[in-house]
There are 2 protein chains.
Amino acid sequence: MNVSAALAPRAPHRAPAPQVSREPEGVRLIGMTTHVARDQEVFGEGEPADHVYKVVRGAVRGFRVLSDGRRQICDFYLPGDIFGIERGADHTITAEALTGAILVVARRSNLSHDGSSTMARSLWDLAMIELGRSHDHALTLGRRSAGERVARFLVDMADRIGDGEGVELPMSRQDIADYLGLTIETVSRTLTQLQVSGLIRLTGCRSIHLRNPRALAELCA
Amino acid sequence: MNVSAALAPRAPHRAPAPQVSREPEGVRLIGMTTHVARDQEVFGEGEPADHVYKVVRGAVRGFRVLSDGRRQICDFYLPGDIFGIERGADHTITAEALTGAILVVARRSNLSHDGSSTMARSLWDLAMIELGRSHDHALTLGRRSAGERVARFLVDMADRIGDGEGVELPMSRQDIADYLGLTIETVSRTLTQLQVSGLIRLTGCRSIHLRNPRALAELCA
DNA sequence: CGGCACCTTGAGTATCCTCAAGAGAGGTGG
DNA sequence: CCACCTCTCTTGAGGATACTCAAGGTGCCG
């Protein structure tokens with residue numbers, strides 16, 4: 001199911017009242033709030049990019065599938081993040097909810113970059129934030145060991161959705177592997193190794209306590 | 001030497017007449033034309049991002065150096081490309097000329113994104129082009145073999161600066177290695193292997209003839 | 001309590017890296 | 001014009017890292 005498609009046919013009188021999302025330091029997005037189930041597609045590669053989305057709760061993965069079936073996850077979108085902005089008319093990646101997620105959906109036309117100055121600036125910031133994240137991702141993937149990649153990932157996640165002590169990962173090992181360009185086994189082994197080294201503690205499969213954030217950050221080089 | 005620094009102190013009457021670059025389908029950049037020697041720095045990481053640059057001739061590498069000395073090249077800028085646009089006040093990467101290069105230098109303030117609508121749109125396109133390239137780069141670096149990486153690199157370069165038959169690479173093996181997250185030896189071996197397979201022909205160290213572009217493209221997956 | 005999906009661990013192997021030396025190309029000076 | 005120097009690229013041998021294949025464990029949900 002596609003959220004855009006689901007929203008479009010709705011008659012105006014049936015649509016929920018438009019809302020303004022009030023996430024901290026984010027761009028306000030005027031649109032409908034919708035719920036997406038785990039593993040449900042938000043939009044697919046090649047589909048018209050008519051809407052943009054903001055994560056209110058949950059998490060989303062953006063990825064491409066290569067011809068041989070390998071999946072490269074470009075980014076994870078977490079609460080407060082906006083995604084779905086494209087240069088051309090169509091989406092170049094597929095987006096799926098990692099967990100049940102609540103999204104605000106806005107028409108792309110409502111965000112025209114030659115509209116108000118503040119909106120243009122916000123959009124610009126968004127694009128540059130995404131560009132920065134993409135650069136960092138490339139930096140993570142270039143000639144780095146598995147340990148460095150996983151450490152970077154954990155530090156990044158802790159920054160974005162951590163509580164200062166640790167972080168509750170919304171994604172599976174396979175998702176992490178596809179993001180970091182590793183295999184699921186290597187991710188698992190590396191996490192175990194980080195635990196043995198005393199840098200982290202796995203309080204659950206997806207619940208990670210950072211015992212030594214400084215050392216972890218130094219691993220990131 | 002830093003180009004920005006070199007330009008700033010010049011008295012107006014000594015400055016060359018501002019020119020408008022007329023590259024195909026690019027953004028017009030109003031500014032001075034300058035020459036940068038091989039391996040000379042255009043700007044450094046952490047320096048104020050007061051100017052943006054357009055490549056008229058030659059090529060530029062944008063990179064970061066990790067704490068242990070490894071260098072990750074984020075992108076190569078080729079004729080027609082604009083670089084140096086940043087989100088914040090400072091540059092997050094260093095830019096150096098690969099070869100002797102001719103650049104158009106424009107003040108960042110002349111490109112304000114809340115200026116004219118057409119300029120805003122052009123800037124937006126630029127940012128989105130760079131974002132697309134960055135995504136592709138991440139896709140190149142994620143769990144791919146050396147062969148796939150090098151093939152992608154060659155196809156990309158042939159698209160951007162090739163003459164339909166082949167491509168004259170402006171960068172060294174070390175630059176390619178730092179871009180693809182490989183070692184210089186692996187790049188060299190992989191190129192040799194592609195030649196043995198009949199996909200390419202090395203007519204010179206940096207002069208590559210694509211004998212079988214279709215097969216090469218299929219390698220990219 | 002059972003089933004299923006996810007995660008972990010192990011053994012063996014392939015790929016790529018490291019270290020080392022040799023070959024080409026380009027530039028300079030005699 | 002040639003010899004020489006330097007820088008870059010290529011090639012080789014050995015070793016480390018991460019992958020593949022396989023089995024066993026853990027936790028969650030019905």
Side-chain angles (χ1 to χ4, degrees), chain A residues 37-39 59 61 66 68-72 98-100 140-154 168-197 200-208 219 221, chain B residues 37-39 59 61 66 68-72 98-100 140-154 168-197 200-208 219 221:
Chain A
R38 174 192 154 111
D39 290 333
R61 61 178 159 245
L66 309 185
D68 62 355
R70 280 174 301 182
R71 184 181 67 167
Q72 177 65 49
L98 282 169
T99 58
T140 301
L141 295 176
R143 218 145 86 53
R144 298 186 98 109
S145 69
E148 289 173 319
R149 296 185 198 207
V150 172
R152 270 179 86 87
F153 175 75
L154 291 179
E168 200 72 24
L169 298 176
M171 70 286 288
S172 69
R173 296 289 188 267
Q174 186 64 62
D175 288 317
I176 300 173
D178 289 347
Y179 180 71
L180 295 177
L182 299 170
T183 58
I184 182 176
E185 295 97 329
T186 300
V187 171
S188 185
R189 273 188 257 267
T190 305
L191 285 171
T192 301
Q193 210 172 324
L194 287 174
Q195 179 167 229
V196 170
S197 311
I200 64 172
R201 175 163 171 67
L202 296 158
T203 52
C205 260
R206 307 206 176 173
S207 178
I208 297 182
L219 257 191
Chain B
R38 174 192 152 111
D39 291 332
R61 62 177 158 246
L66 308 185
D68 62 355
R70 281 174 301 182
R71 183 181 67 166
Q72 176 66 49
L98 282 170
T99 58
T140 301
L141 295 176
R143 218 146 88 53
R144 298 185 98 108
S145 69
E148 291 173 318
R149 295 185 199 206
V150 173
R152 270 179 87 88
F153 176 75
L154 290 179
E168 202 72 23
L169 298 176
M171 70 287 287
S172 70
R173 296 288 188 269
Q174 186 64 62
D175 288 319
I176 299 173
D178 289 346
Y179 179 70
L180 296 178
L182 299 170
T183 58
I184 182 175
E185 295 97 330
T186 299
V187 171
S188 185
R189 273 187 257 266
T190 304
L191 285 171
T192 302
Q193 210 172 325
L194 287 174
Q195 178 167 229
V196 170
S197 311
I200 64 172
R201 176 164 170 68
L202 295 159
T203 52
C205 261
R206 307 205 177 175
S207 179
I208 296 183
L219 257 190

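Labels below follow one simple rule: chain letters A, B, ... track the order of the sequence lines, proteins then strands, and each chain is numbered from 1.
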Looking only at heavy atoms, the pair that brings G147(B) and T190(B) closest together is CA-CG2, 3.8 Å
Pair up each side-chain donor or acceptor in residues 178-189 of chain A with any protein partner under 3.5 Å, not counting sequence neighbours, and list the distances.
| residue | atom | partner | partner atom | Å |
| --- | --- | --- | --- | --- |
| D178(A) | OD1 | Q174(A) | NE2 | 3.1 |
| D178(A) | OD2 | R71(A) | NE | 2.7 |
| D178(A) | OD2 | R71(A) | NH2 | 2.9 |
| T183(A) | OG1 | T186(A) | N | 3.3 |
| T183(A) | OG1 | T186(A) | OG1 | 3.0 |

Going by heavy atoms closer than 4.0 Å, what residues in residues 140-147 of chain A are next to DNA chain C?
R143(A)
May I have the distance from D68(B) (atom CG) to dT18(C) (atom P), rounded to whole angstrom?
11 Å
L191(B) and I208(B): side chain to side chain contact (heavy atoms under 4.5 Å, CB included), yes or no, with the steps?
CA-CA 10 Å; L191(B) 285 171; I208(B) 296 183; 4.2 Å; yes
Send over the distance from D175(A) CG to dC6(C) C1', rounded to a whole Å.
12 Å
Suppose we screen for side-chain contact (heavy atoms from CB on, under 4.5 Å). Which residues come up paired with E148(B), at least two apart in sequence or across chains?
R70(A), R144(B), S145(B), A221(B)
Heavy atoms only: give me the nearest T140(B)-R149(B) pair and the separation to one decimal.
O-CG, 3.6 Å
Note: R38(B) and L98(B) closest approach over all heavy atoms is CG-O, 3.5 Å
Please name all residues satisfying salt bridge (Lys or Arg N to Asp or Glu O under 4.0 Å) with R201(A), sequence neighbours left out, ordered by chain then number.
none
Divergence of helical axes at both termini of the helix from dC1(C)-dG30(D) to dG30(C)-dC1(D) - five pairs an end, 10° steps:
30°
Starting at atom CZ of R70(B), determine the distance to atom P of dT18(C), rounded to an integer number of angstrom.
9 Å
Quick one: does R143(B)'s side chain have a donor or acceptor within less than 3.5 Å of a partner on A177(A)'s backbone?
no
Expected rows: protein N/O vs nucleotides 23-26 of chain C N/O, under 3.5 Å:
none

Could you tell me whether R206(B) contacts a base, only the sugar-phosphate backbone, or nothing, with contacts defined as non-hydrogen atoms closer than 4.0 Å?
sugar-phosphate
Between Q174(A) (CD) and dC7(C) (P), how many Å, whole number?
9 Å
Tell me which residues in residues 182-191 of chain B lie within less than 4.0 Å of DNA chain C, going by non-hydrogen atoms.
L182(B), T183(B), E185(B), T186(B), R189(B)
Gap between atoms CG and P, on L202(B) and dC9(D) respectively (whole Å)
12 Å
Yes or no on side chain to side chain contact (heavy atoms under 4.5 Å, CB included) for I200(A) and Q195(A), after CA distance, side-chain angles and deciding distance?
CA-CA 5 Å; I200(A) 64 172; Q195(A) 179 167 229; 4.2 Å; yes
Not counting sequence neighbours, which residues clear side-chain contact (heavy atoms from CB on, under 4.5 Å) with S207(A)? List them please.
E168(A), T203(A)
Residues which pass salt bridge (Lys or Arg N to Asp or Glu O under 4.0 Å) with R61(A), listed by chain and number, not counting sequence neighbours:
D39(A), E96(A), D175(A)
Here the distance between atom C1' of dC6(C) and atom CE of M171(A), to the nearest Å, is 15 Å
Heavy-atom nearest pair, R206(A) first then P170(A), reads NH1-O, 3.5 Å
What is the distance, to the nearest angstrom, from the CD atom on Q195(A) to the C1' atom on dC7(C)?
13 Å
In this structure, CG of L194(A) is separated from CG of L202(A) (nearest 0.5 Å) by 8.5 Å
In whole angstrom, give the distance that lies between atom CG of L180(B) and atom C1' of dT15(C).
16 Å
